[in-house]
Amino acid sequence: MAGLSDRVRALVRPEIAALSPYDPNFTPCDINLSANENTYGMPEEVRRAIDEAIARSQTNRYPDPMSNELRDLIAAWRGVARENVCVGNGGDELLFNFFLAFGGPGKTLVDCPPTFTVYDIYSGMLGTQVVRCWRDDETFELDMPRLLEAARTADMVMVTSPNNPTGNVISRDDAERLCEACPGIVMIDEAYIEFCEEGVSCEPLLASCDNLIILHTFSKAFCLAGVRVGYVLAAPDVIEALGAVRQPYTADVFAQATAQTVVSMRERFVPTIKTIRSERERLSRDLAAIGGVRVWPSQGNFILVRMQQAGIVRARLRDQYSILVRDFSQAPGLDDCLRVTVGTPAENDRLVQAVASILKEVA
Ligand code: PMP
């Protein structure tokens, strides 16, 4: 993407001039393991039910601005009330609204890189000051003493669990201590929580921590990355603030109908989620068995790996094998790292064979 022209640079706020559009670095390939989607696709019967729900949707009327039917379904599923739920156009919009409501000039965010870079982008856009509490450079675990210290004066704290791209989770005890330490709002981004072992989610803390927001999305486990629906759970007054800054109609009739169907049929996703978890372990073992590849344990549907010449390996995977993975080799703290999404067994086999062949040539 070309940078801003001088003419436009002179017209925008300085913090906008420093930004460039988010670029997921996508190239069409036979096997796409680059964006942490569910590569198994929508279960057939759910897809049929979605098609019927869409066919019933009225397009001449505005959608329900707060998605109340969907909120009620989510609330019943998660064991909370409608007032605890806010729906958005993907997790991304909810993150943006979080910064819009609680960030801005004079406000401070604590985040824990290496992590999802969108937090940094939105902070920059809205003029929020960022305090970075770096993860351990070997294990990528949180530096809890430093994080708690920083949280004591923060307006916002962001922890991703499982963390993208490193796969680490925060323990419930640590999350509770964080909420207690922070006078502001703590968001735990649980976009990948369905791929974790039982009991990892910090959701139960909502009952006692009224400054906690939990972010969820339908994009990953529930195969709706293309539809754009996510939700947050929080105390009613926090939801009010998020409701106040949101654009009213971002969850359109198709998105609401689709997400309602998915929530009602959520059990149908369980077998695939189990397979992704077991494939994650198999893929981790197989990649680690290739000489020169370091693999970090992950609780997400992706794995962080390090190898020499990672940038070249990534390019060869794409150009010679038509396999797309995400390059983090130039990202701070992630030298020579790639992130691979867990695919189907056949996709994973092809990835392992391709990485092994490439490394034989480039090492
Ligand atoms: N949080 C994390 C950690 C993510 O990785 C992503 C997507 N890559 C999101 C939130 C947002 O996802 P979506 O907008 O598709 O819901």
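The structure presented is a predicted model; accordingly, all values stated were derived computationally and were not measured. When a ligand or atom number is given, it counts from 1 through the structure's own listing order.
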Test: Arg306 and Asp336 ion pair at under 4.0 Å = no
for atom 15 (O) of ligand 1, nearest protein heavy atom and its distance come out as Ser219 OG, 2.6 Å
Ligand 1 atoms nearer than 4.0 angstrom to some heavy atom of Gly90 are 14 (O), 16 (O)
query: Got an N/O contact under 3.5 Å between Thr160 and ligand 1?
result: no
Checking heavy atoms under 4.0 Å, the part of Phe218 that sits near ligand 1 is neither
Connected via hydrophobic side-chain network under 4.5 Å: Ile303 and Val313: yes
When distances are taken from atom 9 (C) of ligand 1, the protein heavy atom at minimum range is Phe116 CE2, 3.5 Å
At under 4.0 Å between heavy atoms, what of Asp92 touches ligand 1? The answer is both
| query | Hey, is Glu279 close enough to Arg282 for a salt bridge, meaning N to O under 4.0 Å? | reply | yes
Here the atoms of ligand 1 under 4.0 Å from any heavy atom belonging to Arg228 are 13 (P), 14 (O), 15 (O)
inquiry  = Between Asn163 (side chain only) and Leu142 (backbone N and O only), is there a donor and an acceptor less than 3.5 Å apart?
reply    = no
If we number the atoms of ligand 1 from 1 as shown, the ones under 4.0 Å from a heavy atom of Ala191 are 1 (N), 2 (C), 10 (C)
Transitive ILVMFWY side-chain link Val46 to Ile74, under 4.5 Å: yes
If we number the atoms of ligand 1 from 1 as shown, the ones under 4.0 Å from a heavy atom of Tyr192 are 3 (C), 4 (C), 5 (O), 8 (N)
So for Lys220 against ligand 1, with non-hydrogen atoms under 4.0 Å, the contacting part is side chain
Any N or O of Gly91 closer than 3.5 Å to N or O of ligand 1: yes
**Asked** For Arg48 and Glu44, what are the C-alpha separation, side-chain angles and deciding distance, and is it a salt bridge (Lys or Arg N to Asp or Glu O under 4.0 Å)?
**Response** CA-CA 6 Å; Arg48 272 196 299 277; Glu44 266 302 313; 3.5 Å; yes
- Task: Tell me, please: is Asp189 in heavy-atom contact with ligand 1, that is, under 4.0 Å?
- Result: yes
### Query
Do Trp77 and Phe222 make the cut of ring centroids closer than 6.0 angstrom?
yes
Task: Asp92 bridged to Arg228 by N-O distance under 4.0 Å - done: yes
